[in-house]
Structure formats: C-alpha cells, structure tokens
Amino acid sequence: MTAFTVALVLVVAAAGLLRWRRPAWYWLAFGVTLAALRVLVRYRSVMDACGLTVPPARWRLSLARATNRPIPEPRPPRIRRLRPTRTGLVLRLKLRPGQDVFDIAAASDRLRHSFSMFGVTSREVRSGVVEVRMTGYDVLKRVQMPAETETRAMRVPVALREDGSVHYRDYRAIPHALTLGATESGKSVYQRNLVAGLAPLDVALVGIDCKQGVELFPLARRFSALADSPDTAAELLDALVARMADVYRLIRTQQRITVDVPDAEIAADIWDLPDKLRPTPVVVLVDEVAELALYATKEEERRRDRIITALVRLAQLGRAAGIYLEICGQRFGSELGKGITMLRAQLTGRTAHRLNDETSANMAFGDIAPDAVLAAIQIPAELRGLAIAGDASGGWYRIRAPHTSLRQAVNLCNRYADRTPDLPELAPFRPTTGTATELVPSAKASPATA
C-alpha cells in the first residue's frame with residue numbers, strides 16, 4: 001500500500017509539473033484521456049443546460065403514451081465522431097431538426113466552462129453537421145508548429161490559430177493582404193515567417209523597404225528585386241506593371257479557345273498555362289506603406305501618386321498575372337491620401353497585431369468584420385506576435401506566429417538562394433549580396449571637426 005501511495009504521489013507530481021512547464025506534454029500524456037471521459041460523461045446534461053436539446057418527436061411521445069412508458073427526454077445533437085489532437089479534441093455533431101449552427105456558436109463559452117477546456121470554437125462542415133474544436137491549453141502562449149503541414153503551390157504555413165490548427169497564407173485563394181501593427185507588436189516576425197515559408201517555393205520575391213532596407217535586405221539572397229527608397233520603389237512598381245502587361249499578352253496568345261479544346265483547358269490566368277510556358281509568380285512585400293504615401297513637396301506628391309496608382313493597378317489586375325501583394329504598415333487610412341481606400345478595398349486578407357487605438361483597428365476590420373475591432377485593441381503588449389486574422393467572409397480568429405529570429409530567416413534564405421529566379425524586367429533592381437561595407441563615422445563624431 002505504501003509503494004502504491006508513493007507511486008501515485010509521484011505520478012500526480014509529474015502531472016502537475018508537466019502541466020506547469022510543458023502543457024503540450026501534459027495534454028498528450030494525461031489531459032486528452034481525462035478530457036474525453038469528461039465530455040462523454042457530461043455531454044447530455046451539459047447540452048441540456050446550455051439549451052442545445054430539442055423535444056422528442058411526436059411519434060415518440062405518442063408511442064410512450066400508448067405503451068405507458070416514461071416520456072422520452074429531450075435529445076441533444078448526436079456525436080458522430082470524437083477525435084483527439086495534439087492540442088485538444090475535435091467533436092463532430094449532427095444537429096437535430098430545428099437546430100442551427102449559430103446555436104452552437106452562441107453557447108461556445110458555456111461549453112468551455114462546462115467541459116473544463118481552454119477554448120471552444122465551432123464551424124459548419126456541411127448542412128446539419130457542425131465541427132466543435134476544443135483546446136486543452138493555451139496554444140498561443142508558446143507556439144509550436146506541427147512537424148508536418150499541408151504543402152501546396154502558393155500556400156505556406158505562417159502561424160498557429162487559437163483552436164490549434166495551422167494558419168496558412170494561401171495566395172491562390174486570397175491574392176492580396178494587409179498586415180497592420182504598432183511598433184514592437186510582432187509584425188516583423190510575422191513577415192519573416194512569411195518569407196521563410198515562401199523561400200523553398202518556385203516564386204519570385206520582390207521587396208520594398210523604405211527604412212533603408214534594414215528589414216528585408218538581410219534576406220536579399222532570396223529576393224529577385226529590392227527597393228530601399230520611394231524613388232526606387234516607384235521605378236520597381238512601374239517595372240512590375242509592365243511585366244503584368246506582358247504576362248497578359250502571353251495568356252491571350254495561349255488561351256486555346258478553339259472549338260476542339262475542352263473548356264477546362266482554356267487559359268484565363270497563369271495557372272491555366274502549361275508548365276513550360278507559365279511565368280514565375282511574384283510576391284511583392286511592402287514593409288511600411290506609409291513611407292510610400294507621405295510627401296512634403298510637389299515633386300514628392302507626383303511620385304506618391306505614381307506609386308499608389310501602380311499599387312492599385314497591381315491589386316486590381318495582378319492576380320491573373322501571378323502578382324500578389326503583401327502590404328504592411330502601422331496605419332492604413334484615408335489620411336495617407338487619395339487612392340488608399342481604393343487600394344485597401346482590394347486587400348482581401350487582413351491581419352492586425354497589437355494596435356494603439358480603435359481607429360487603426362477599424363482600418364483593418366471595420367469594413368469586413370466589425371466584431372474583430374475590439375479584439376484587435378485588446379491584445380496585451382507583452383504578447384508580441386499575437387494577431388487577429390480575417391478576410392472578406394467576415395470570419396476572424398486569433399493567431400500567433402512562432403518566433404523566428406533574423407539570423408534564422410537569413411540562414412533559410414541563403415540555403416534556398418539557388419531558387420531565386422532571375423526576371424529580366426527586374427534585373428536593374430536585383431540586390432547585390434557582397435560583403436558589407438565598413439561604416440564611415442559621421443562628421444559630428446569625427447575628431448577632426450570636434
């Protein structure tokens with residue numbers, strides 16, 4: 001008996017230590033079994049308490065009365081599958097007649113407390129079937145991406161969602177995106193994860209970093225073109241617009257619209273072209289869009305209009321030509337001048353890190369997901385990298401990218417430097433990757449002028 005007690009105490013102590021220091025290990029070792037038993041035992045009573053049951057059918061009531069049997073109890077949604085994952089449980093439910101998916105979504109917080117889970121989210125799989133994802137611990141506190149993720153052309157994993165699933169940046173589904181975030185909010189780390197995910201793919205990376213290139217130029221070996229000033233950015237964007245026109249002429253000549261060609265083979269964008277003729281897709285990353293839109297003189301205003309016009313053209317027409325935009329900034333509103341709201345309307349994907357005011361959150365989600373505005377301004381400053389992601393469908397969710405240092409991103413870009421395509425239109429903007437030049441001390445610090 002003493003040995004059993006000692007063993008039990010050791011197991012309990014190990015479980016407590018794992019839950020404190022390694023919640024993922026605790027979940028896989030102990031939590032998943034306890035949570036599954038808790039859900040199965042409490043399921044009917046919890047559903048009844050949350051108002052997620054329906055009265056029995058009339059024929060069942062009539063049969064009970066005719067046979068003098070007890071009246072059947074209200075029926076909860078039927079469990080079709082209970083699947084454990086590395087972060088929680090996935091419960092697939094078949095709704096009863098009269099129930100709606102919004103009933104499950106409205107009761108998510110009550111289900112979280114009743115089943116003693118960390119978080120509960122739901123989504124409709126198909127008509128009458130709802131998938132409830134329950135997380136057993138805070139997966140965003142210490143982000144650990146799964147070892148295996150789904151790989152697909154122009155689709156890269158960049159972060160982890162609050163329900164434990166992987167957040168992908170799918171350029172085929174959402175061509176252009178906007179990323180906002182205050183200083184020290186984790187916006188740069190998110191951008192590094194994006195570049196790290198794109199580096200192994202057959203894609204050309206084009207960067208515009210008007211902070212003298214301090215963010216993107218360390219990754220230069222994987223970039224086909226880089227601009228570090230508004231003047232260079234204007235010329236680079238004009239070259240991209242010219243490339244877009246050339247790609248459209250290629251698609252037009254290869255459309256194959258004769259009567260003997262099946263409908264599925266008619267080309268309307270680069271992905272319908274044969275592999276040997278398909279141009280390389282291009283992802284354009286703009287590090288700080290405000291630097292491209294601000295001006296102080298008439299000459300700078302003309303340059304600004306030229307830049308914004310080119311960005312709007314790429315956002316409106318670039319998808320079929322395989323040109324995708326990633327616009328980053330701290331603010332993105334009408335105060336940046338004419339054309340900005342037109343550009344924002346084309347940026348379907350929205351990601352907002354910690355924002356300092358509600359106006360900035362409205363710039364990101366006010367026109368697509370008003371419910372996400374409050375969540376964006378409630379992100380604590382100590383949780384760098386935590387963000388709200390949404391799209392034009394109105395749905396939104398919390399995500400957090402794993403911490404990737406600049407050195408890790410540089411090493412990854414250097415490893416895949418041989419995959420950097422050489423585009424003739426962008427050859428004048430190809431970054432040089434020689435050794436760094438020695439910094440020259442400023443005149444103010446020079447002893448000769450002291």
With a 4.5 Å cut-off on side-chain heavy atoms, are [Y] and [X] touching?
X: Thr179; Y: Ile327; result: no
X: Arg252; Y: Tyr248; result: no
X: Leu325; Y: Leu314; result: yes
X: Met244; Y: Val247; result: no
X: Leu89; Y: Thr85; result: no
X: Val203; Y: Val282; result: no
X: Leu285; Y: Val283; result: yes
X: Asp48; Y: Pro76; result: no

Side-chain donor/acceptor of [X] to backbone N/O of [Y], under 3.5 Å:
X: Ser114; Y: Leu111; answer: no
X: Gln99; Y: Leu52; answer: yes
X: Asn411; Y: Gln408; answer: no
X: Arg222; Y: Val195; answer: no
X: Arg243; Y: Glu425; answer: no
X: Asn414; Y: Arg221; answer: no
X: His176; Y: Ala315; answer: yes
X: Arg38; Y: Phe115; answer: yes
X: Arg354; Y: Thr183; answer: yes
X: Ser108; Y: Ala105; answer: yes

To the nearest 0.5 Å, tell me how far [X] [atom1] sits from [Y] [atom2].
X: His353; Y: Tyr190; atom1: NE2; atom2: OH; result: 7.0 Å
X: Leu180; Y: Leu178; atom1: CG; atom2: CG; result: 4.0 Å
X: Arg169; Y: Thr351; atom1: CZ; atom2: OG1; result: 8.0 Å
X: Gln191; Y: Glu215; atom1: CD; atom2: CD; result: 6.5 Å
X: Asp170; Y: Met154; atom1: CG; atom2: CE; result: 9.0 Å
X: Arg278; Y: Ile270; atom1: CZ; atom2: CD1; result: 7.0 Å

- Message: As a quick check of understanding, evaluate side chain to side chain contact (heavy atoms under 4.5 Å, CB included) for Val139 and Tyr137, giving each step before the final call.
- Response: CA-CA 6 Å; Val139 298; Tyr137 59 96; 3.8 Å; yes
Please report the closest heavy-atom contact between [X] and [Y], naming both atoms and the distance.
X: Pro146; Y: Val166; value: CG-CG2, 3.5 Å
X: Ala361; Y: Ile377; value: CB-CG2, 3.7 Å
X: Phe365; Y: Ala372; value: CG-CB, 3.8 Å
X: Cys210; Y: Leu292; value: SG-CD2, 3.4 Å
X: Leu216; Y: Gly207; value: CD1-CA, 3.8 Å
X: Leu277; Y: Leu250; value: O-CD2, 3.5 Å

- Query: Would Arg161 and Tyr397 count as having a side-chain donor-acceptor pair, cut-off 3.5 Å?
  - Reply: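 Note: Arg161 and Tyr397 side chains meet the donor-acceptor criterion.
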- Are side-chain N/O atoms of Asn193 and Thr404 paired as donor and acceptor at under 3.5 Å?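 The criterion, which ignores hydrogens and geometry beyond distance, is satisfied for Thr404 and Asn193.
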- Compute both the distance and the angle, then confirm whether Arg155 meets the cation-pi test with Tyr168: under 6.0 Å from the six-membered ring centre, within 45 degrees of the axis.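 The answer is yes, since Arg155 meets both limits relative to Tyr168.
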- Geometric cation-pi criterion Arg172 and Trp271, 6.0 Å radius, 45° cone: yes
State whether the number of non-hydrogen atoms from other residues, nucleotides or ligands found under 6.0 Å of [X] atom [atom1] is greater than 12.
X: Glu382; atom1: CD; answer: yes
X: Lys338; atom1: NZ; answer: no
X: Glu358; atom1: CD; answer: no

- May I have the step-by-step check of side chain to side chain contact (heavy atoms under 4.5 Å, CB included) for Leu294 and Arg304, ending in yes or no? CA-CA 7 Å; Leu294 297 177; Arg304 179 253 177 219; over 6 Å; no
- Task: Determine, stepwise, if the pair Leu37 / Val39 fulfils side chain to side chain contact (heavy atoms under 4.5 Å, CB included).
- Result: CA-CA 5 Å; Leu37 292 175; Val39 169; over 6 Å; no
- Take Arg384 and Glu184, measure what salt bridge (charged side-chain N to carboxylate O under 4.0 Å, His left out) needs, and give me the verdict at the end. CA-CA 7 Å; Arg384 295 178 57 186; Glu184 295 294 320; 3.1 Å; yes
- Item | Single hit among Arg398, Lys141, Arg133, Arg112 for salt bridge (Lys or Arg N to Asp or Glu O under 4.0 Å) with Glu162 | Arg398
Output a table of donor-acceptor pairs, distance under 3.5 Å, between side-chain atoms of residues 223-232 and any protein atom two or more places apart or on a different chain; print 'none' if there are none.
{"residue": "Ser224", "atom": "OG", "partner": "Pro421", "partner atom": "O", "Å": "2.8"}
{"residue": "Ser229", "atom": "OG", "partner": "Thr232", "partner atom": "N", "Å": "3.4"}
{"residue": "Ser229", "atom": "OG", "partner": "Thr232", "partner atom": "OG1", "Å": "3.0"}
{"residue": "Asp231", "atom": "OD1", "partner": "Arg303", "partner atom": "NH1", "Å": "3.1"}

- Message: What verdict does the side chain to side chain contact (heavy atoms under 4.5 Å, CB included) test give for Tyr295 and Asp305, after you've listed the backbone C-alpha separation in whole Å, the side-chain angles of each residue and the deciding distance to 0.1 Å?
- Response: CA-CA 10 Å; Tyr295 62 90; Asp305 293 342; over 6 Å; no
- Message: Here's a test for you: under side chain to side chain contact (heavy atoms under 4.5 Å, CB included), which of Leu93, Val125, Val129 qualifies with Arg80?
- Response: Val129
